[in-house]
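These notes are about the structure you will find just below.
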Amino acid sequence: MKRILVAEDNPANRELIRTILELRGCEVLEAGDGEEALLKIREIRPDLVLMDVQMPRLGGLAALQEMRADPGLAPIPVIALTAYAMQGDQERFLAAGFDGYASKPIDAKALWRQMEPLLGRENVGRHGPS
Ligand code: MN
């Protein structure tokens with residue numbers, strides 16, 4: 001079972017994403033801001049992170065940069081969640097180091113399309129005995 005950390009300060013969005021991912025057989029863990037996200041990512045080593053860009057205390061981009069600076073966390077794929085729907089945003093977030101991009105309001109199929117290839121990577125699923 002793939003473990004997904006959803007970092008998002010809006011509880012309604014977290015609940016929606018939880019429903020979408022649990023229907024696809026994922027285990028979902030939640031964080032309400034960037035600092036809580038980093039604590040949980042260090043603790044549980046999720047297979048993938050969905051990271052809201054705008055969060056209190058620590059934003060998604062700063063949290064991503066902390067992950068990439070930590071060799072243990074750097075390989076974990078991170079998808080940006082953002083309410084921005086401006087043209088060019090996708091390229092901007094990919095250039096910033098995110099592995100994918102999903103705009104809000106969340107579309108279940110579009111979100112899963114971003115996630116699926118990243119979950120198939122060989123560097124995920126490191127929870128069992130190696
Ligand atoms: Mn937010």
Side-chain angles (χ1 to χ4, degrees):
M1 182 182 284
K2 298 297 186 182
R3 242 183 226 180
I4 314 298
L5 189 281
V6 180
E8 158 69 72
D9 58 309
N10 182 322
N13 280 338
R14 288 203 304 271
E15 193 55 38
L16 172 63
I17 293 168
R18 169 183 289 282
T19 301
I20 291 168
L21 299 186
E22 286 182 348
L23 282 169
R24 285 165 173 78
C26 297
E27 179 184 357
V28 179
L29 299 108
E30 301 181 19
D33 63 58
E35 287 187 8
E36 187 188 359
L38 284 173
L39 287 173
K40 292 201 171 171
I41 290 163
R42 290 195 173 100
E43 184 189 333
I44 65 179
R45 304 289 169 125
D47 294 296
L48 185 144
V49 177
L50 297 178
M51 186 83 82
D52 181 22
V53 172
Q54 292 191 303
M55 291 187 287
R57 294 174 67 190
L58 188 68
L61 184 54
L64 172 77
Q65 286 165 345
E66 289 212 26
M67 286 179 68
R68 296 307 194 222
D70 180 333
L73 307 183
I76 299 174
V78 184
I79 291 176
L81 303 177
T82 174
Y84 304 146
M86 292 164 60
Q87 198 167 15
D89 266 359
Q90 177 151 359
E91 291 71 19
R92 194 158 62 82
F93 287 111
L94 296 180
F98 287 102
D99 299 287
Y101 169 90
S103 58
K104 296 185 275 187
I106 293 294
D107 176 84
K109 281 183 184 162
L111 177 64
W112 191 247
R113 214 162 31 235
Q114 292 281 312
M115 293 177 63
E116 208 169 16
L118 298 170
L119 290 172
R121 275 185 185 175
E122 285 183 24
N123 66 350
V124 299
R126 295 148 294 164
H127 307 298
S130 52

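Computed from heavy atoms alone, side chains included, the values below leave out hydrogens, waters and symmetry copies. If you read the sequence from its start, that first residue is 1, and numbering goes on from there.
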Is there a side chain to side chain contact (heavy atoms under 4.5 Å, CB included) between Met115 and Leu21? Walk through the geometry before answering. CA-CA 10 Å; Met115 293 177 63; Leu21 299 186; 3.6 Å; yes
How far apart are the C-alpha atoms of Arg92 and Asp89, what are their side-chain angles, what is the distance that settles it, and do they pass the side chain to side chain contact (heavy atoms under 4.5 Å, CB included) test? CA-CA 5 Å; Arg92 194 158 62 82; Asp89 266 359; 3.1 Å; yes
Side chain to side chain contact (heavy atoms under 4.5 Å, CB included) for Arg3 and Leu29? Distances and angles first, verdict last. CA-CA 7 Å; Arg3 242 183 226 180; Leu29 299 108; 3.9 Å; yes
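The CD atom of Glu116 lies 12.5 Å from the NZ atom of Lys109; values are rounded to the nearest 0.5 Å. Between the CG atom of Asn10 and the CG atom of Leu16 there is a distance of 9.5 Å, given to the nearest 0.5 Å. Rounding to the nearest 0.5 Å places CD of Glu27 at 9.0 Å from CZ of Arg18. Interatomic distance, Asp52 CG to Leu61 CG, rounded to the nearest 0.5 Å: 12.0 Å. Rounding to the nearest 0.5 Å places OG1 of Thr82 at 6.5 Å from NZ of Lys104.
With Lys40 contributing its side chain and Glu30 its backbone, the two residues share a donor-acceptor pair below 3.5 Å. Remark: side-chain polar atoms of Asp33 are not paired, donor with acceptor, to backbone N or O of Met55 under 3.5 angstrom. Gln114 contributes a side-chain N or O that, together with a main-chain N or O of Tyr101, makes up a donor-acceptor pair within less than 3.5 Å.
Under the 30°/60° scheme for interplanar angles, the aromatic rings of Phe93 and Phe98 are found to stand perpendicular.
Side-chain atoms of Ile17 and Val28, non-hydrogen and from C-beta on, never get closer than 4.5 Å to each other. With contacts defined as side-chain heavy-atom distances shorter than 4.5 Å, the pair Leu48/Lys2 does not qualify.
Glu15 meets the salt bridge (charged side-chain N to carboxylate O under 4.0 Å, His left out) test with no other residue; sequence neighbours excluded.
Taking every heavy atom of both residues into account, Leu5 and Ala31 meet most closely at CD1-CB, 4.2 Å. Across all their heavy atoms, Pro56 and Asp9 have their closest contact at CD-CB, 3.5 Å.
The same ILVMFWY cluster, assembled from side-chain heavy atoms under 4.5 Å apart, contains both Val49 and Ile44.
Ion pair Glu8/Arg14 not flagged as a salt bridge, since none of the NZ, NE, NH1 or NH2 atoms sits closer than 4.0 Å to an Asp/Glu carboxylate oxygen.
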Which donor-acceptor pairs under 3.5 Å do side chains of residues 67-80 form with protein atoms, sequence neighbours excluded?
{"residue": "Arg68", "atom": "NH1", "partner": "Ala74", "partner atom": "O", "Å": "2.9"}
{"residue": "Arg68", "atom": "NH1", "partner": "Ile76", "partner atom": "O", "Å": "2.9"}
{"residue": "Arg68", "atom": "NH2", "partner": "Gly97", "partner atom": "O", "Å": "3.0"}
{"residue": "Arg68", "atom": "NH2", "partner": "Asp99", "partner atom": "OD2", "Å": "2.7"}
{"residue": "Asp70", "atom": "OD1", "partner": "Gly72", "partner atom": "N", "Å": "2.8"}

